[in-house]
Q: 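The structure is given below, and queries will be raised subsequently.
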Amino acid sequence: MTVHDHPTRRKELHQGYRELNQVIPEQMKGFGELHRSACADGALPKVTKELMAVAIAITQRCEDCITLHMHDAVRAGATADMVHEAIGVAVLMGGGPASTYATRALEAYHQFSA
């Protein structure tokens, strides 16, 4: 399996977001507010919401989304068992294609939790 450098990719993505913020500031402001409010602690804790985002990213085949949300899930306190179960649900819902992206999610977890 090819190893992706998720911490470096996260930094690259954040640089891209800074550039987008300069050219479409209103849209990025709105997106940032949506992201913060959607992932904030509420009836569901932040860690659960971030793991949901990881599972959706797997089924949508968005490697960059896996990178960003796995980082935030780990930071919110996701344990290995929690990550494994979220990946299992994603594979259930996404089938074979999701199983290939699940390998990226597990790789990202190992890198961000190290």
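Numbers here simply count residues along the sequence, with the first being 1.
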Q: Considering non-hydrogen atoms only, spot the tightest contact between T59 and I56 and give its length.
A: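 Heavy-atom minimum between the residues: OG1-O, 2.9 Å.
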
Q: Would E33 and R36 pass as an ion pair if we require N to O under 4.0 Å?
A: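 Salt bridge: no.
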
Q: Of the non-hydrogen atoms in T79 and Y109, which two are nearest, and what is the gap between them?
A: C-OH, 3.6 Å

Q: Does H84 use its side chain to pair, donor to acceptor, with the backbone of A80 at less than 3.5 Å?
A: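 Looks like yes, one N/O pair under 3.5 Å.
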
Q: NE2 of H14 to CZ of R10: how many Å apart, nearest 0.5 Å?
A: 4.0 Å

Q: Mind checking ring-ring contact (aromatic ring centres under 6.0 Å, His included) for H35 and listing every partner two or more places apart, or none if nothing turns up?
A: H69

Q: Minimum heavy-atom separation for A40 to K49, with atom names?
A: O-NZ, 2.6 Å

Q: How close do A55 and A90 get, counting heavy atoms only, and between which atoms?
A: O-CB, 3.6 Å

Q: Taking the side chain as every heavy atom from C-beta outward, state whether L51 and E85 have any atom pair closer than 4.5 Å.
A: no

Q: Using the rule that two of Ile, Leu, Val, Met, Phe, Trp, Tyr join whenever any of their side-chain heavy atoms come within less than 4.5 Å, decide whether Y17 and V23 are in one cluster.
A: yes

Q: Closest heavy-atom contact between P97 and G94?
A: CD-O, 3.6 Å

Q: Kindly work out whether a path of hydrophobic side-chain contacts (I/L/V/M/F/W/Y, heavy atoms less than 4.5 Å apart) joins M28 to L13.
A: yes

Q: Let's go through M70 and V83 carefully: what are the C-alpha distance in whole Å and the side-chain angles of both, what is the deciding distance for side chain to side chain contact (heavy atoms under 4.5 Å, CB included) to 0.1 Å, and is it a yes or a no?
A: CA-CA 9 Å; M70 186 62 77; V83 168; 3.8 Å; yes

Q: When the ring planes of H6 and H4 are compared, do they come out parallel, tilted or perpendicular, using 30° and 60° as the limits?
A: tilted

Q: Could you state the interatomic distance from CZ (R104) to SG (C65), rounded to the nearest 0.5 Å?
A: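 These two atoms lie 14.5 Å from each other.
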
Q: Nearest 0.5 Å, please: how far is CD in E63 from CG in L68?
A: 12.0 Å

Q: OG1 of T67 to CD of E107: how many Å apart, nearest 0.5 Å?
A: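 The distance works out to 8.5 Å.
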
Q: Report the distance from atom CD1 of I58 to atom OG of S99, rounding to the nearest 0.5 Å.
A: 10.0 Å

Q: Output the distance between atom CD1 (I66) and atom CZ (R61), rounded to the nearest 0.5 Å.
A: 11.0 Å

Q: According to a 4.5 Å side-chain heavy-atom criterion applied to Ile, Leu, Val, Met, Phe, Trp and Tyr, with indirect links allowed, do Y101 and M82 form part of one hydrophobic cluster?
A: yes

Q: For residues M52 and V89: do they belong to one hydrophobic cluster (side chain heavy atoms under 4.5 Å, members Ile, Leu, Val, Met, Phe, Trp, Tyr)?
A: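 No: no chain of side-chain contacts under 4.5 Å links M52 to V89.
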
Q: Determine the minimum heavy-atom distance between V91 and A98, stating which atoms define it.
A: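 In this case the closest contact between V91 and A98 is CA-CB, 4.2 Å.
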
Q: Between F31 and I24, is any pair of side-chain heavy atoms under 4.5 Å apart?
A: no

